Amino acid sequence: MFSFYLLWCLGYLVLHAWLSYQWPPKHQLKARAPLPLKTSLIIPFRNERQNAPRLALEIRKIQFPDLEIILVDDQSEDGSFEILSELMEDVRGVRLLKSPGIGKKAALSHGISHSRGALIVTSDADCSFPENWIEKLSRPFQHSAIQLVAGPVVASLRGNSVFGKFQQIEWLSILLLTQVSFLRKQPLMCSGANLAFRKKAFEEVGGYLGNEQVLSGDDEFLLKKMVSYYGPESCVYVPAREVLVATQAQTSWTDLIRQRIRWAGKWKSHQSFSHASYALLAFMSQGVWIGSLVVFVGDWHGLLFLLTIWGVKILAEKLSLGRVGLSLGQRLEVKDYIFTSLIHPFYVLGVGLGTLFIKVKWKGRSQEDSLI
């Protein structure tokens, strides 16, 4: 087993060294004339009473000419619609709609069907945006072949908690894997919190039809449809700080794990060999790390070797994810990477098992309630 883990650690270090070079140290967005396309920002919301004032401030600071903003209420039960109606009353170009269907996909579809823009941008009600976010995210659409553009998302940090840093580092790993999959012309994932696409292309691929029964996944299922219909070259990822969107971090481990179980649940619905392979590989690799705790506990030689291989793990992950974080202005300390590296295998194992055995609810809804 010593030989196996030596080779494993070497391969892990080489892999993360290679991954680190797939992320540009500083992505340069080429300056171009404003895109002559009417653009609509669609933000669905459900029970966002607490986030409403901050969302109103975020919307007010967006700089983009003739932007149409549509906020779609997904049957809120806390007065969110009325609060946002009042907060947005004096903001030009903002409309509030009530979705007749159930679920985020239904709300997005309703907003898109009532939009006047040729270009659709989507996000979430708990997000914050750079002022020139939409202008810079839309630049790739200068090329007529581009149908979908995805941007990075990270968790906004509350205070200086280890738990918050864990979420930030996990997001960095998601961004890195997203970047690699787009570079390899096999896009696996993207986030609906920072997504843009042509309305015509959305209609051509049938929108969200075919996966309405899945609670989440409006972003990834649409990406998969775009790649299948237009080819992988039609979809691009912009790994730039200028288009970085921040989403609210979860407040507890229970909330975080339940959210990730909900996200992971959509991978079972992809019916894709590549998605299944990546999920299985991630699960098995974490099992290898956990297995080392059993194999090498017993004497001081084993403990010394255990410390060595886990040290390599921490070093490798700091090498790749630190590069991503630095380019996006997310400054994290070595102790944050140590904690995350030690906890992450058990966290992934828990989410994986939870996906198989736990039915989660999101804002009072279960999977069965999510049909449009």
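Treat the numbers as computed from the prediction; the structure is a model and nothing was measured. In what follows, residues are counted from 1 in the order of the sequence shown.
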Visitor: List the steps and the verdict of salt bridge (charged side-chain N to carboxylate O under 4.0 Å, His left out) for Arg49 and Asp78.
Guide: CA-CA 6 Å; Arg49 182 187 185 94; Asp78 65 349; over 6 Å; no
Visitor: Please determine, by modelled atom types, if Asp126 and Thr247 share a side-chain donor-acceptor pair under 3.5 angstrom.
Guide: yes
Visitor: Identify, with sequence neighbours excluded, every residue that meets side-chain hydrogen bond (donor to acceptor under 3.5 Å, both in side chains) alongside Arg60.
Guide: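 Counting only residues at least two positions away or on another chain, Arg60 forms a side-chain hydrogen bond (donor to acceptor under 3.5 Å, both in side chains) with Asp90.
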Visitor: Sequence neighbours excluded, which residues qualify as side-chain hydrogen bond (donor to acceptor under 3.5 Å, both in side chains) partners of Thr251?
Guide: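 Asp255.
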Visitor: Taking side chain as C-beta onward, heavy atoms only, is Asn194 less than 4.5 Å from Ser123?
Guide: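 Heavy-atom side-chain distance check fails, nothing below 4.5 Å.
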Visitor: Are Asn132 and Glu242 linked by a side-chain donor-acceptor pair shorter than 3.5 Å?
Guide: no
Visitor: Can you list everything that forms a side-chain hydrogen bond (donor to acceptor under 3.5 Å, both in side chains) with Arg95? Sequence neighbours excluded, please.
Guide: Glu68
Visitor: Report yes if the side chains of Leu223 and Met189 come closer than 4.5 Å at any heavy-atom pair, otherwise no.
Guide: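 Answer no - side chains too far apart.
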Visitor: Please list all pairs passing the salt bridge (Lys or Arg N to Asp or Glu O under 4.0 Å) test where one or both residues lie in residues 181-201, with sequence neighbours left out.
Guide: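 Qualifying pairs: none.
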Visitor: Closest approach of Asp218 and Leu222, non-hydrogen atoms and distance?
Guide: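 Looking at all heavy atoms of both residues, the shortest contact is O-CB, 3.3 Å.
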Visitor: To the nearest 0.5 Å, what is the distance between CG on Leu71 and CG on Asp73?
Guide: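 It is 9.5 Å, given to the nearest 0.5 Å.
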Visitor: With Phe296, which residues qualify under ring pair (Phe, Tyr, Trp, His ring centres under 6.0 Å), at least two apart?
Guide: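 Testing Phe296 for ring pair (Phe, Tyr, Trp, His ring centres under 6.0 Å), a comparison that skips the adjacent residues, returns Phe2, Tyr5, Phe305.
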Visitor: Provide the closest heavy-atom pair for Lys38 versus Leu67 in the form atom of the first, atom of the second, distance.
Guide: NZ-C, 4.4 Å
Visitor: Excluding sequence neighbours, so at least two apart, what forms ring pair (Phe, Tyr, Trp, His ring centres under 6.0 Å) with Trp18?
Guide: none
Visitor: Is a salt bridge present between Arg139 and Glu135, judged by a nitrogen-to-oxygen distance below 4.0 Å?
Guide: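 Yes, charged N to carboxylate O under 4.0 Å.
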Visitor: Keeping to residues at least two apart or across chains, list the ring-ring contact (aromatic ring centres under 6.0 Å, His included) pairs with something in residues 321-340.
Guide: none
Visitor: Which residue pairs pass the salt bridge (Lys or Arg N to Asp or Glu O under 4.0 Å) test with at least one member in residues 313-325, sequence neighbours excluded?
Guide: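 Checked against salt bridge (Lys or Arg N to Asp or Glu O under 4.0 Å) - neighbours excluded - the pairs reaching residues 313-325 are Lys313-Glu317.
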Visitor: Hydrophobic side-chain clustering at under 4.5 Å (ILVMFWY, transitive links): who's grouped with Val14? Put none if nobody.
Guide: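 Val14 shares its hydrophobic cluster with Leu10.
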Visitor: So that I can tick it off, tell me whether Asp124 and Lys104 are bridged by a salt bridge, with the cut-off set at under 4.0 angstrom between side-chain N and carboxylate O.
Guide: yes
Visitor: Other residues, nucleotides and ligands only: do more than 12 of their heavy atoms fall within 6.0 Å of CZ on Arg54?
Guide: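 Atom CZ in Arg54 is packed in, count exceeds 12.
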Visitor: Please enumerate all residues that pass ring pair (Phe, Tyr, Trp, His ring centres under 6.0 Å) together with Tyr12, with sequence neighbours excluded.
Guide: His16, Trp289
Visitor: Could you grab the distance from atom CD1 of Ile70 to atom CG of Leu108, nearest 0.5 Å is fine?
Guide: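 Rounded to the nearest 0.5 Å, the CD1-CG separation comes to 11.0 Å.
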Visitor: Would you say the side-chain atoms of Gln330 and Gln168 include a donor-acceptor pair closer than 3.5 Å?
Guide: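 Yes, because at least one side-chain N or O of Gln330 sits under 3.5 Å from a partner of the opposite role on Gln168.
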Visitor: Taking all non-hydrogen atoms of both residues, which atom of Ala240 and which atom of Leu328 are closest, and how far apart?
Guide: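 Smallest heavy-atom distance, with atoms named: C-CD2, 3.9 Å.
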Visitor: According to salt bridge (Lys or Arg N to Asp or Glu O under 4.0 Å), does anything in residues 284-297 pair up with another residue at least two apart or in another chain? List the pairs.
Guide: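 Output for this query is empty, none listed.
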Visitor: Is it true that atom CD of Glu86 has more than 12 heavy atoms of other residues, nucleotides or ligands lying nearer than 6.0 Å?
Guide: no
Visitor: Phe129: which residues meet the ring pair (Phe, Tyr, Trp, His ring centres under 6.0 Å) condition with it, sequence neighbours left out?
Guide: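 Listed in chain order: Trp133.
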Visitor: Can you name the closest pair of heavy atoms from Pro187 and Pro232 and give their distance?
Guide: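 Taking every non-hydrogen atom into account, CD-CB, 4.3 Å.
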Visitor: Would you call Ser115 and Ile42 a side-chain contact if the rule is heavy atoms closer than 4.5 Å?
Guide: yes
Visitor: Check the orientation of Tyr347 and Phe166. Use parallel for under 30°, tilted for 30 to 60°, and perpendicular for over 60°.
Guide: perpendicular
